[in-house]
Amino acid sequence: MDLRQFRTGLRFAAALLALCSCLASYTAAAAPAPTPAASLPFDPSSALAAPAADAHDRRIALVIGNGGYALAPLRNAVNDARAMAAMLRRLGFDVTHLEDATQARMRQALREFGQRLDDGGTGLFYFAGHGAGVAGGTRLLPVDAAGRAAQTGMDDALALREILNGMAVPRPGKRNLVILDICLNNPFESRSAGSIPARDPVPEETLVAYATAPGGFAADGPRHGTYTAQLLRALGEPGLGHSQLFRRVGLAVRHATEGRQQPWVASTLSAEFRFLPQDTPAPALLGSSDADAGTVIEWRSRAILPKDSDEQFELSFWESIKDSTHASDYEAYLNTYPNGRFAALAKARLARLRAAAPKAEPPSVTQPAPAKAPEKAAEKPPEKPAAAERPAISERPAQRPRQPPPAQDAAQARPAPAPTPVPAAVPDSRPAPRQAGGEIRDCQQCPILVSIPAGSFTMGSNTGDPSEKPAHHVTIAKPFAIGKLEVTVEQWDACVDAGGCPRLAGSEQRSKKSPARDISWDDAQQYVKWLSQVTGKPYRLPTEAEWEYAARGGTGSRYWWGEQMRPKMANCKECGDPWDKDGPVDAGTFPPNPFGLHDVNGSVWEWVADCWRNNYAGAPGDGRAWEQPNCRTRVIRGGSWREGASYMPSTTRFKYDASVRQMQNGFRVARPLD
């Protein structure tokens, strides 16, 4: 075997290193992506520093922009790669440019890149997309990284060490540059633990430039990542050595992000490298602008966030209100995240709304309203995909990548409102009719119930999100009744009119047949208390086990209709029409499950009785609610119309503070059978 074959074998061995298990999830830059200049045909005559014949002067680059992740797209990442490829060509690099590369395509391109470097010269690798810094080092995600399970998400990722090892072979004029516009947060360690991701060792004559410091997040602007936008500007300045160039980029990014993003560089280069000689005219930054470099529209956009994290909760919170025309939504966000990633944007939108209707908004959402007066929702998103995480996030969602809707620590939640006095029961004068198919209705304005038989099932999933593990056997010993539909606006208003429930913000504009929402767990308790007094029946929220048993409808598959998502089966943004981003469709629009229940997937998140725990270890096996003293964090189930298909499986679960209202949260009722 000759030396080149031996080096190639080493690269193949490095590519087979096992990757650690971790979580992949969510978020996306939402701004429209105009066609960048890098997508224009390249004119070879425009190159400013054509590769020289001398092996020491050769310039070889591999540029990858991954934005087409199935459940957490990053549109700016592709823009970044296109612009960077165009810039490097103008700087004399022979560029291979990939977009939305799968794991197999990335590995193949890296092997070919290493072979091209054997002949000598400078090698440059650039990546924009989802990434993470974990105990095993930096990871870069291909677009086909598995989404739902944390373990498979990171198993599909590429380790930075593989890339560095592949570029480290001896050669004439060896010089390696690696530039990563990704986040370096560790999505699998608690923030309170203060863990810092492991740093990857840097081989000799190598520079690794990171968009953010270990443990940090990266931001996006209108067209480009904030880091890449500044890098493109610096690359166009003649005469800068690599040390000065990356120092200038770091200062510019810190300034643009008010110190929240801190780029850093690890380098073993022994001599300065200049991308552009001193006396060379600067190339034009086509498709970019000063606004691209100085404006941040998305914080922490390239992160893999755990579904049960503050970051993911904030992402999902913002995602749920970002299109709102109500000032109270942005007030609620700012109350919860006064220094959040979207704080500046929330303040700007709030100012515009107030200027347009200075007297339209009620007092601060933190002030409790009288029990019978209209009350603005102090919204805070469901937590978890949480993200998924479960989503959300953003979001997230999903390991799948999923990130649940955002949640709020109990310390941040506003105090639970004082219980509204429940008026004397007013029983319906008519006997409770029992309808065909096991349906029950205890009063004219009561929710229709469905009789659910006793039985056993497997609750949770061993292949899903960590919070859904371990899958365990549950026996529901007695039949019970549960709402055929989620409680509707019309049914909630009956409680409001009787003085038993607070009026919901914005309910006047909603269909009476749509599910009631903006409801806290405490609010739901007021409703079932009122309903119990009106009917004389012991109404309550279903336990989490009862909810999943009923939602499955006697099936054991991922969804009650099978293992694969099917259109027009649920009300979610990826589940087919009818769908509207502004709110759920009327209850009962989509088909019922085998038990006759509608909208157990999507529509609105549904409160259940249980206290939240991070997994099912030690969960009761008899279907009762899992409680604990002074519990203020409760379980929500089923996803909402604002989430994607990854939130629709019957096992999906998240948490939320019991006293906080959020626009995606509702509930259905349950009671024992006579």
Side-chain angles (χ1 to χ4, degrees), residues 148-149 390 434 437-440 447-486 528 537-566 569-570 591-602 605-628 634-639 647-655 667-674:
R148 175 163 166 71
R390 128 65 179 253
R434 291 181 176 269
E439 293 184 358
I440 305 166
I448 297 174
L449 305 179
V450 173
S451 176
I452 305 296
S456 299
F457 76 111
T458 299
M459 183 175 181
S461 170
N462 287 330
T463 61
D465 186 84
S467 71
E468 299 166 13
K469 300 176 182 178
H472 56 288
H473 186 76
V474 174
T475 296
I476 307 294
K478 296 181 179 181
F480 64 98
I482 191 170
K484 176 180 180 179
L485 308 172
E486 295 149 332
V528 296
K537 306 289 186 181
Y539 276 85
R540 56 177 172 79
L541 292 177
T543 70
E544 187 175 12
E546 288 173 339
W547 189 96
E548 184 170 326
Y549 176 65
R552 287 182 176 277
T555 70
S557 50
R558 181 176 171 84
Y559 315 94
W560 61 257
W561 57 82
E563 292 296 336
Q564 302 299 321
M565 172 54 68
R566 287 167 49 192
M569 298 300 287
N593 75 358
F595 281 168
L597 306 185
H598 294 261
D599 306 321
V600 288
N601 313 91
W605 289 96
E606 298 182 21
W607 290 108
V608 295
D610 298 50
C611 190
W612 171 261
R613 288 170 172 81
N614 290 331
N615 55 54
Y616 287 135
D622 57 3
R624 71 181 187 274
W626 202 3
E627 284 283 10
Q628 67 183 37
R634 298 286 174 171
V635 180
I636 53 176
R637 296 295 304 252
Y647 286 84
M648 296 304 106
S650 301
T651 54
T652 296
R653 63 192 299 262
F654 288 137
K655 62 182 177 180
F667 68 108
R668 72 179 71 215
V669 298
R671 72 165 176 82
L673 288 174
D674 298 333

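Please read these numbers as outputs of a predicted model, since none were measured by experiment.
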Please name the pair of heavy atoms, one in [X] and one in [Y], separated by the smallest distance, quoted to 0.1 Å.
| X | Y | value |
| --- | --- | --- |
| Arg637 | Ser650 | NH2-O, 2.8 Å |
| Met648 | Gly602 | SD-N, 3.4 Å |
| Pro594 | Gly553 | CB-O, 3.2 Å |
| Met565 | Tyr559 | N-CE1, 3.4 Å |
| Ala551 | Asn593 | O-ND2, 3.0 Å |
| Ala670 | Leu541 | CB-C, 4.3 Å |

Does the side chain of [X] reach to within under 4.5 Å of the side chain of [Y], using non-hydrogen atoms?
| X | Y | answer |
| --- | --- | --- |
| Pro542 | Phe480 | no |
| Ser456 | Val474 | no |
| Pro591 | Met569 | yes |
| Glu548 | Phe457 | yes |

Would you tell me whether Thr651 and Glu468 have side-chain atoms, one donor and one acceptor, within less than 3.5 Å of each other?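 The criterion, which ignores hydrogens and geometry beyond distance, is satisfied for Glu468 and Thr651.
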Looking only at side chains, do Asn601 and Trp560 share a donor and an acceptor under 3.5 Å apart?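 Checked: Asn601/Trp560 side chains pair up, N/O donor to acceptor below 3.5 Å.
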Any donor-acceptor pair under 3.5 Å linking the side chain of [X] with the backbone of [Y]?
| X | Y | value |
| --- | --- | --- |
| Thr475 | Ala477 | no |
| Arg653 | Ser467 | yes |
| Thr543 | Gly623 | yes |

How many angstroms lie between atom [atom1] of [X] and atom [atom2] of [Y], to the nearest 0.5 angstrom?
| X | Y | atom1 | atom2 | result |
| --- | --- | --- | --- | --- |
| Arg566 | Trp561 | CZ | CH2 | 8.0 Å |
| Trp605 | Thr652 | CH2 | OG1 | 6.0 Å |
| Ile476 | Arg624 | CD1 | CZ | 11.5 Å |
| Thr458 | His473 | OG1 | NE2 | 7.0 Å |

For a side-chain contact (heavy atoms from CB on, under 4.5 Å) check, start with the C-alpha distance between Leu597 and Val450, then their side-chain angles and the critical distance, and finish with the verdict. CA-CA 7 Å; Leu597 306 185; Val450 173; 3.8 Å; yes
Option passing side chain to side chain donor-acceptor pair (under 3.5 Å) with Glu544 (candidates Tyr549, Trp626, Tyr616):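 Exactly one candidate clears the test, Tyr616.
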Could you walk me through whether Leu673 and Ser451 satisfy the side-chain contact (heavy atoms from CB on, under 4.5 Å) test, starting with their C-alpha distance in whole Å, then the side-chain angles of each, then the deciding distance to 0.1 Å, before giving a yes or no? CA-CA 8 Å; Leu673 288 174; Ser451 176; 3.3 Å; yes
Answer yes when Glu606 and Arg668 have at least one side-chain N-carboxylate O distance shorter than 4.0 Å, and no when they do not. yes
Stepwise side-chain contact (heavy atoms from CB on, under 4.5 Å) check, Lys469 with Ser461: CA-CA 6 Å; Lys469 300 176 182 178; Ser461 170; over 6 Å; no
Should Arg540 and Glu546 be marked as a salt bridge (charged side-chain N to carboxylate O under 4.0 Å, His left out) after you check the CA-CA gap, both sets of side-chain angles, and the distance that decides it? CA-CA 12 Å; Arg540 56 177 172 79; Glu546 288 173 339; 2.8 Å; yes
Look at atom CD of Gln628 and say whether more than 12 heavy atoms of other residues, nucleotides or ligands are closer to it than 6.0 Å. yes
Regarding Arg634 and the six-membered ring of Trp612, is the cationic atom NZ or CZ under 6.0 Å from the ring centre and inside 45° of its axis?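 No.
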Assess the residue pair Lys484 and Leu449 against the criterion (side-chain contact (heavy atoms from CB on, under 4.5 Å)); give the C-alpha distance rounded to whole Å, side-chain angles, the decisive distance to 0.1 Å, and a yes or no. CA-CA 5 Å; Lys484 176 180 180 179; Leu449 305 179; over 6 Å; no
